Number of protein chains: 2
Amino acid sequence: MKEKAAPEKAVPPKQTDMLLRQFIGYNMKRAYLQIQDDMAETLEPLGLRIGTFSALAVIMASPGISQTQLSEVLNIKRSGVVVVVDDLERAGAVQRTPVQTDRRAYALQVTPAGKALWARAEQAVQAHEAALFADLDADERRALQDLLVRAARSGAKHRKGTDG
Amino acid sequence: MKEKAAPEKAVPPKQTDMLLRQFIGYNMKRAYLQIQDDMAETLEPLGLRIGTFSALAVIMASPGISQTQLSEVLNIKRSGVVVVVDDLERAGAVQRTPVQTDRRAYALQVTPAGKALWARAEQAVQAHEAALFADLDADERRALQDLLVRAARSGAKHRKGTDG
DNA sequence: TATTGTTATACTCTATAACTATA
DNA sequence: TATAGTTATAGAGTATAACAATA
């Protein structure tokens, strides 16, 4: 199926991305893309995407949050939040409830159905990650978590562009 | 400018993504997105994007590589490689040279100008990462690198979808 | 028949800008 | 005038599908 008399093999495959392996950004991207598709597949049977899963988690943890606040936590624009919340509302998982003190804003709430959905989704993703990172033991996973959080924090602090 | 009498503060900001922090995927995404924009800004004055930077690195390390091979290393489709190579060729950084043994294929080569460009880009990104991850010491950066590589490898091994 | 590179097209995610209704 | 949510639109990145030239 792929044995065509080995017609050159000009490239030793182990070294092709040698120059990229030195960069944290490259390894981070590889690792993330590796799990992204799998994650989407895990959530699909629950009617969730990565974006709606994340939003649901945040509203679970912060009932009454506004869409603008949600956009800040998720690091996306308010216009993007609309689509995500529309999706969750259509699925019956969250509700836009009026805010008495500010009639422009909505307080987002997770419905009972949404809470049940979250419980299932959280468990599915936990199982998914346990399987995906089976080659790392608990200590290593903790270490990775810690380093990722600190790397993100360090990155945020030393950015050149906006908000230094 | 943003002090409107603190009109509820319904959400304690430290806990909003509490339920997401448990997931490696979430922390990986956060960390990666944190550096992605900065990376793009670092490369822009050199006329490179993350995609063309990566391709240039691979062709540097593997002169004569074909576009199909490049697509495998970069984990993108052949149709996507065309755009990237077009871009690098237009910039005078790489060349499509004919392959005598297979007239369908091109052997990709980095031009002298491309090699000079790579040297500058590599240095710029090294400096960029050194600044961005200043809060991690050398040991911690090595540990992060190692864990990311192993996480990606573990992920690739345990995927459910294609190629188990 | 299968493969290389190519084109055309579509889809996802996100950003920008303009609008409305409130404040 | 500024802000919350909304809409329309556009861009980047990548995917799929079909094609010509070659194997």
Side-chain angles (χ1 to χ4, degrees), chain A residues 1-8 10-11 29 32-33 36-37 39-41 43-44 48-55 64-72 74-89 94-108 161-162, chain B residues 1-8 10-11 29 32-33 36-37 39-41 43-44 48-55 64-72 74-89 94-108 161-162:
Chain A
M1 198 190 272
K2 57 166 61 175
E3 278 152 324
K4 37 183 180 180
E8 285 299 310
V11 182
K29 183 176 186 178
Y32 175 61
L33 293 182
Q36 191 181 227
D37 289 357
M39 178 83 156
E41 283 176 43
L43 292 172
E44 199 193 21
L48 291 170
R49 289 167 294 118
I50 291 176
T52 51
F53 170 80
S54 303
I65 193 173
S66 72
Q67 293 189 188
T68 295
Q69 288 172 315
L70 184 54
S71 80
E72 286 159 6
L74 295 178
N75 265 312
I76 57 177
K77 299 296 169 188
R78 282 173 302 150
S79 55
V81 169
V82 175
V83 184
V84 170
V85 173
D86 280 354
D87 199 339
L88 286 170
E89 200 173 41
V94 313
Q95 256 187 330
R96 289 172 163 103
T97 63
V99 173
Q100 283 121 346
T101 57
D102 187 344
R103 279 163 33 205
R104 296 169 302 180
Y106 291 123
L108 301 174
T162 38
Chain B
M1 197 190 274
K2 58 167 59 176
E3 280 152 323
K4 37 183 177 177
E8 287 300 311
V11 184
K29 183 177 184 177
Y32 174 61
L33 292 182
Q36 191 181 226
D37 289 357
M39 178 82 156
E41 284 177 42
L43 292 172
E44 198 193 20
L48 291 170
R49 291 166 293 119
I50 292 175
T52 51
F53 170 81
S54 302
I65 193 174
S66 72
Q67 293 188 189
T68 295
Q69 288 173 315
L70 184 54
S71 80
E72 286 159 7
L74 295 178
N75 266 310
I76 58 178
K77 299 295 168 189
R78 282 173 301 149
S79 55
V81 169
V82 175
V83 183
V84 171
V85 173
D86 280 353
D87 199 341
L88 286 170
E89 199 172 42
V94 313
Q95 256 186 328
R96 288 172 163 104
T97 63
V99 173
Q100 284 121 346
T101 56
D102 186 344
R103 277 162 35 202
R104 295 170 302 180
Y106 291 123
L108 301 174
T162 39

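Residue numbers begin at 1 in each chain, while the letters A, B, ... track the order of the sequences. Just so we're clear, the structure is a prediction, and the values are computed from it rather than from any experiment.
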**OP:** For A:L74, enumerate each residue passing the side-chain contact (heavy atoms from CB on, under 4.5 Å) test, keeping only those at least two apart in sequence or located in another chain.
**Re:** A:S54, A:A55, A:V58, A:L70, A:I76

Subject >> side-chain contact (heavy atoms from CB on, under 4.5 Å) against B:D86, all qualifying residues, sequence neighbours excluded >> reply: B:V82, B:R90, B:R96

Original post:
B:T68 side chain N/O closer than 4.0 Å to the phosphate oxygens (OP1, OP2) of C:dT3?
Top reply: no

Original post:
Quick one: is A:Q67 getting a side-chain N or O under 4.0 Å of the D:dT6 phosphate, OP1 or OP2?
Top reply: yes

Rounded distance (Å) that lies between atom [atom2] of [N] and atom [atom1] of [X]:
X	N	atom1	atom2	answer
B:Q69	C:dG5	CD	P	8 Å
A:Y106	C:dT20	OH	C1'	11 Å
A:E72	C:dA15	CD	P	13 Å
A:L74	C:dT14	CG	P	9 Å

Subject >> Sequence-distant partners of B:Y106, ring-ring contact (aromatic ring centres under 6.0 Å, His included), two or more places apart >> reply: none

Original post:
Which residues pass the ring-ring contact (aromatic ring centres under 6.0 Å, His included) test with B:Y32, sequence neighbours left out?
Top reply: none

Original post:
How does each nucleotide of nucleotides 13-23 of chain D score, in 5' to 3' order, for protein heavy atoms under 4.0 Å: base (B), sugar-phosphate only (S), or none (-)?
Top reply: S-SB----BBS

Subject >> Shortest non-hydrogen contact between B:L88 and B:L48, atoms and distance >> reply: CD2-CD2, 3.9 Å

**OP:** Please name all residues satisfying salt bridge (Lys or Arg N to Asp or Glu O under 4.0 Å) with B:R49, sequence neighbours left out, ordered by chain then number.
**Re:** B:D87

